[in-house]
Amino acid sequence: MNDIDDHKKKYNPQSIEAKWQSIWDREKTFQAQELPDRKKYYLLVMFPYPSGRIHMGHVRNYTIGDLMARYQRRLGHNVLHPMGWDAFGMPAENAAIKQGVHPKAWTLQNIATMRKEIKSMGISYDWDRELATCDPEYAHWEQVLFVKLYEKGLVYRKKSLVNWDPVDHTVLANEQVIDGKGWRSGATVERRELSQWFLRITAYADELLADLDQLSGWPETVRTMQANWIGKSQGLEFFFHLKGHPGTLPVYTTRPDTLMGVTFCSIAPEHPLAKEVAQHNPAAEAFIRECQKCGTSEEALERLEKKGFHSGLFAIHPITGEEIPIFIANFVLMGYGTGAVMAVPAHDQRDFEFARSHSLPVRVVIQPPGVELDPATMTEAYTGPGLLVHSGQFTGLESETAKKEISTTLESLGKGKITVHFRLRDWGISRQRYWGNPIPMIHCPTCGVVAVPITHLPVPLPDDLWGSSEAIGNPLALSPDWKKTTCPLCQGAAQRETDTMDTFMESSWYFLRYCCPDLKTAPLDRQRVDYWLPVDHYVGGIEHAVLHLLYARFFHKALRDVGEVSGNEPFTRLLTQGMVRKDTHFCPNHGWRYPMQVKEQGEGLLCCECDTPIQVGRNEKMSKSKHNVIDPNDIIQNYGADTARLFMLFAAPADRDLEWNDRGVDGAWRFLNRLWRLVRQIGWQTEGVSPATCMPSTSLPARKLRTKVHQTIVKVTQDLDRNLFNTGIAAVMELVNEASLALGKNEEPMLDELGSVLREAALTAVMLLNPYVPHITEELWRDLGQQDPLSHHSWPQADPLSLVQEEITIVVQVNGKLRATLTHPKETAQADMEIAASNLPQICKLLEGKTIHKVIVVPSRLINFVTN
RNA sequence: GCGAAAGUGGCGAAAUUGGUAGACGCGCUGGACUUAGGAUCCAGUGCCGCAAGGCUUGGGGGUUCAAAUCCCCCCUUUCGCACCA
């Protein structure tokens, strides 16, 4: 096709993208193989929940991941870049109920749709390693890992609270509790105690905290959040004796220095003492029942109106022997610490408010320096340090010293112990739902709780139980037959556990299974896992900063301790990407409007249906309910995947929120067209010319352009290494602008130095942009006569000799204000520069009649004259 | 409530980490050229001012020759809070 006008052929993303995607597919360009002699690079993106269709958040996540994967491949690394499906979970059950389909069918259908959508983005996945967590194989191996952790003592059962819907007779997720009511029934949700399975993540609390220091490739903010979540604190665990009662009341405090200011205690409604009181006291029982009409989330609890009920019990102060009232309080939960707290109203804000509303005494025991705290006039608690007052033998001590003194005093009395506590609680994995992985445990009336032996696994999730019952609730629990089994120890009749696992279980090891998805005999192939792990770069949403990322770290350490993996941490480097947002349009009559349901009029917008002015809302996270979603498929069909990718990478830094902007998409589209025309034009005009390999000797424009080419290589490379993508693209845009300017309107063949550098510039721009926009660059690469696939072509390197700028511009300031600039050859002496600067007419004028106190010189940057 | 961040032109953003604030892109203004294209190309574009010049990084203080950047106080927005994934 050497037609004279071939170089004027227009950019057609649809045909180019389909062509290259099928080539990559056919040639398995991105298939990953374990090659021990090559440096590996494992690039992981958080796998999606197959909710139905791809949304922009996915597109952003996978685009960023693909950019990094392609860049690392170009650096010569052996890259593993896999994709799969986090396929168990609640939405499938909800959709199944609503649409009358099986959760499995719904999920598999969604996977098929989304796989096709993702493929149209041209992401360089090794699709041969694709996995779905609802696959019976995956569930099987997860059960094996679970039993191994059980045998290691990391799994146990205890009572814990759930949200109970009294009308639907079902357990609700926090998400399904809206304003304290069940989302379907509308009934007031109650707290209920249930025996549930837990993983002993607290056994790893210290290690999970300490190893955060090693994660230098993680954002500081995520590490801080995890550290706060683990919440290590040192304090005093001690107990109160009770007045006229044989029991004791253990409490934990991080402020033993305020012990002498205790004026009451609070216990959880689920506390054994509270239950005891309720047995003889109907008012207490009623209060406890009232307390249970509340969700279980920490946020709900903290925002609660604080209420208490005097239990009638009194604690004996361990030092003064004073009698202290014990309150049952709605804001204390069993399962946090000991389920009881000592209250010091003067020095704890929550206790202060509680004391004021219940007319309880406030006793100041810590005095801040220089201020006299008066309990009668205090309006808030003083929580800082100070000197102890009204504290008997401890009066006069500094609060830090007092912490130690009081703790050791209680220790020597045998009433307390200095202990380390964690905010972190064990991980409850029981879910009373169908669409999950069955917990492979058996309840035997004779032997108690027994794990299903590994050789008997898997416990399959039965397909035929869904929809078999009209009743609401977990079909596994409602089915009389499925539960029936025999005890592996005594062979007697026994019952299966009917709870399924938290889906965080599946996402805690999927990245390990990617290393050996075909393995038929065990969860993991140690050799292959050891080759690929740790994940070099993990990309996903910031919303996973704590839970998923902490659970996965824990799971990895636990698997290490049962001999399944090596290494202490699974993810070396982490990039948390921001959300995709868009304007919202709200009509007072019709609610949220889609963009096509509003029309422009003058400066404002009107609703198409009622002509009412539209309220343009702030940018919000794209969501169906707000009608501000953009379907990625539309963008890909209209502009192509490369435009979508370029826009997403260019419009905002990866870790910040991205505002969707149709005009910005047009801008990305225009840039790709500009690139297309320019590169093909250069290719045409410099046909047969070798690209420059060193600094041209005669042509100044050629020299300047070559410097720009090599500066761009440095800039883009540095930015990719620092996860900065928008600025790298900007740098290539500058290069394209300069090359375009250098080319001018010239349409003749260019066989000179400039032609040679232009050809180098075109090749370099294409090479640099390839990880961002792979399809168009592969095509242009071919157009420039290159035969090897660009996907594996080595990354360009800057020539240090071409980077050097021959002239330098510095800033001249007087008293810190910019007054002039001065351009000088690189090797000018500092003294000469100062003289030249002070002789500039603008500067002369300002220095006239002034004394120069100081001259500040920042080499290659500025001169500042400081005067009177 | 607790924990973590963010705030810069009309808009998305940049700023070598204390050294020319606004790169690059969008939008807008003017012009050129039209094989009328999703055009393209050229010039301009922080604000006030005719100008000289002054002002400007959420608000208010401070440190410094020099502050978007460091310190203190305040405001607003976003994310997470353990059964959403």
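Naming convention: chains lettered A, B, ... in sequence-line order (proteins, then strands); numbering from 1 in each chain. FYI, side chains are in, hydrogens and waters are out, and symmetry mates aren't considered; it's all heavy atoms of this structure.
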Undergrad: Hey, which sits more toward the 5' end of RNA chain B by its nearest nucleotide, A:Val171 or A:Ala652?
TA: A:Ala652
Undergrad: What's the gap between B:rU69 and B:rG60 when it is taken at their P atoms, as a whole Å value?
TA: 13 Å
Undergrad: Within the supplied structure, the quantity of interest is the number of heavy atoms (other residues, nucleotides, ligands) at a distance under 6.0 Å from A:Lys158 NZ; does it exceed 12?
TA: yes
Undergrad: Taking only the P atom of each, what is the distance from B:rC81 to B:rC28 in whole angstrom?
TA: 41 Å
Undergrad: Just to be sure I follow the notation: if a pair is Watson-Crick (purine N1 to pyrimidine N3 plus N6-O4 or O6-N4) or a G-U wobble (N1-O2 and O6-N3), each under 3.5 Å, what dot-bracket string does RNA chain B give, with | for pairs to another strand?
TA: (((((((..(((......[....)))((((((.......))))))(((....)))..(((((..]....))))))))))))....
Undergrad: Rounded to whole Å, how long is the line connecting atom CD1 of A:Ile201 with atom C1' of B:rC83?
TA: 16 Å
Undergrad: Hey, does the side chain of A:Asn174 come within less than 4.0 Å of B:rA82's phosphate (OP1/OP2), counting only N and O?
TA: yes
Undergrad: Scan residues 192-204 of chain A for pairs that pass salt bridge (Lys or Arg N to Asp or Glu O under 4.0 Å), counting only residues two or more places apart or in two chains.
TA: A:Glu193-A:Lys275
Undergrad: Say you pick atom C1' in B:rU16 and the same atom in B:rC2; how far apart are they, in whole Å?
TA: 38 Å
Undergrad: Please measure how far the C1' atom in B:rC11 lies from the corresponding atom in B:rU45, and state the result in whole Å.
TA: 14 Å
Undergrad: Quickly work out the A:Arg60 CZ to B:rG12 P distance and round it to whole Å.
TA: 14 Å
Undergrad: Classify every nucleotide of nucleotides 17-32 of chain B by which part a protein heavy atom approaches to under 4.0 Å, writing B for the base, S for the sugar-phosphate alone and - for neither, in 5'-to-3' order.
TA: --BB--BBSSS-----
Undergrad: Tabulate atom names and distances for all N/O pairs under 3.5 angstrom spanning the protein and nucleotides 53-58 of chain B.
TA:
{"from": "B:rG54", "atom 1": "OP2", "to": "A:Arg819", "atom 2": "NH1", "distance (Å)": "3.4"}

Undergrad: What integer distance in Å separates A:Asp655:CG from B:rA13:C1'?
TA: 13 Å
Undergrad: Quick one about A:Trp197 and A:Glu497 (side-chain donor to acceptor, distance below 3.5 Å, no hydrogens or angles considered), yes or no?
TA: yes
Undergrad: Can you confirm whether A:Phe865 sits close enough to A:Leu846 that some side-chain heavy atom of one is under 4.5 Å from a side-chain heavy atom of the other?
TA: no
Undergrad: If you take atom types as modelled and just measure distance, does the side chain of A:Gln432 reach the base of B:rC83 with a donor-acceptor pair under 3.5 Å?
TA: yes
Undergrad: Can you list every side chain to side chain donor-acceptor pair (under 3.5 Å) pair that touches residues 851-860 of chain A, not counting sequence neighbours?
TA: none
Undergrad: Write down the distance between NE2 (A:His548) and C1' (B:rA82), rounded to a whole number of angstrom.
TA: 15 Å
Undergrad: Taking the six-membered ring for Trp, are A:Phe511 and A:Tyr538 parallel (under 30°), tilted (30 to 60°) or perpendicular (over 60°)?
TA: tilted
Undergrad: Suppose you measure atom P in B:rA52 against the same atom in B:rC48; what distance do you get, rounded to whole Å?
TA: 16 Å
Undergrad: Check whether any side-chain heavy atom of A:Asn737 sits under 4.5 Å from a side-chain heavy atom of A:Arg674, and report yes or no.
TA: yes
Undergrad: If the glycosidic angle sits within 90 degrees of zero it is syn, else anti. Tell me which applies to B:rG9.
TA: syn
Undergrad: Have a look at B:rU17 and give me syn or anti from its glycosidic angle (syn if within 90° of zero).
TA: syn
Undergrad: Given atom CD of A:Glu93 and atom P of B:rC84, what is their separation to the nearest angstrom?
TA: 13 Å
Undergrad: Quick one: which of B:rA82, B:rC41, B:rA85 gets closest to the side chain of A:Glu298?
TA: B:rA82
Undergrad: When you check the side-chain N and O atoms of A:Asp719 and A:Thr727, is any donor under 3.5 Å from an acceptor?
TA: yes
Undergrad: In whole Å, I'd like the distance from the CE atom of A:Met505 to the C1' atom of B:rC83.
TA: 15 Å
Undergrad: Do A:Trp669 and A:Phe647 have ring centres separated by under 6.0 Å?
TA: no
Undergrad: Side chain of A:Gln349, base of B:rC2: donor and acceptor closer than 3.5 Å?
TA: no
Undergrad: Identify which nucleotide among B:rA82, B:rC83, B:rC79 has an atom closest to any side-chain atom of A:Ser297, counting heavy atoms from C-beta outward.
TA: B:rA82
Undergrad: Quick one: A:Arg431 CZ to B:rC83 P, roughly how many Å, whole number?
TA: 5 Å
Undergrad: Taking atom CG of A:Asn437 and atom CZ of A:Arg431, what is their separation to the nearest 0.5 Å?
TA: 13.0 Å
Undergrad: Give a yes/no answer on whether the side chain of A:Arg425 brings an N or O atom under 4.0 Å of OP1 or OP2 in B:rA82.
TA: no
Undergrad: Taking B:rA66 as the reference, what is the distance to B:rA82 when you measure between their P atoms (whole Å, please)?
TA: 49 Å
Undergrad: Around A:Asp721, counting heavy atoms of other residues, nucleotides and ligands shown, do more than 12 lie under 6.0 Å from its CG?
TA: yes
Undergrad: A:Trp85 and A:Tyr138: aromatic ring centres closer than 6.0 Å?
TA: no
Undergrad: Detail all sub-3.5 Å separations between protein N/O atoms and N/O atoms belonging to nucleotides 3-9 of chain B.
TA:
{"from": "B:rG3", "atom 1": "O3'", "to": "A:Asn228", "atom 2": "ND2", "distance (Å)": "2.6"}
{"from": "B:rG3", "atom 1": "O2'", "to": "A:Asn228", "atom 2": "ND2", "distance (Å)": "3.0"}
{"from": "B:rA4", "atom 1": "OP1", "to": "A:Asn228", "atom 2": "ND2", "distance (Å)": "3.4"}
{"from": "B:rA4", "atom 1": "O2'", "to": "A:Thr221", "atom 2": "OG1", "distance (Å)": "2.8"}

Undergrad: Is there side-chain contact between A:Arg53 and A:His58, with heavy atoms separated by less than 4.5 Å?
TA: no
Undergrad: Mind checking whether A:Leu847 and A:Ser838 have side chains closer than 4.5 Å, heavy atoms only?
TA: yes
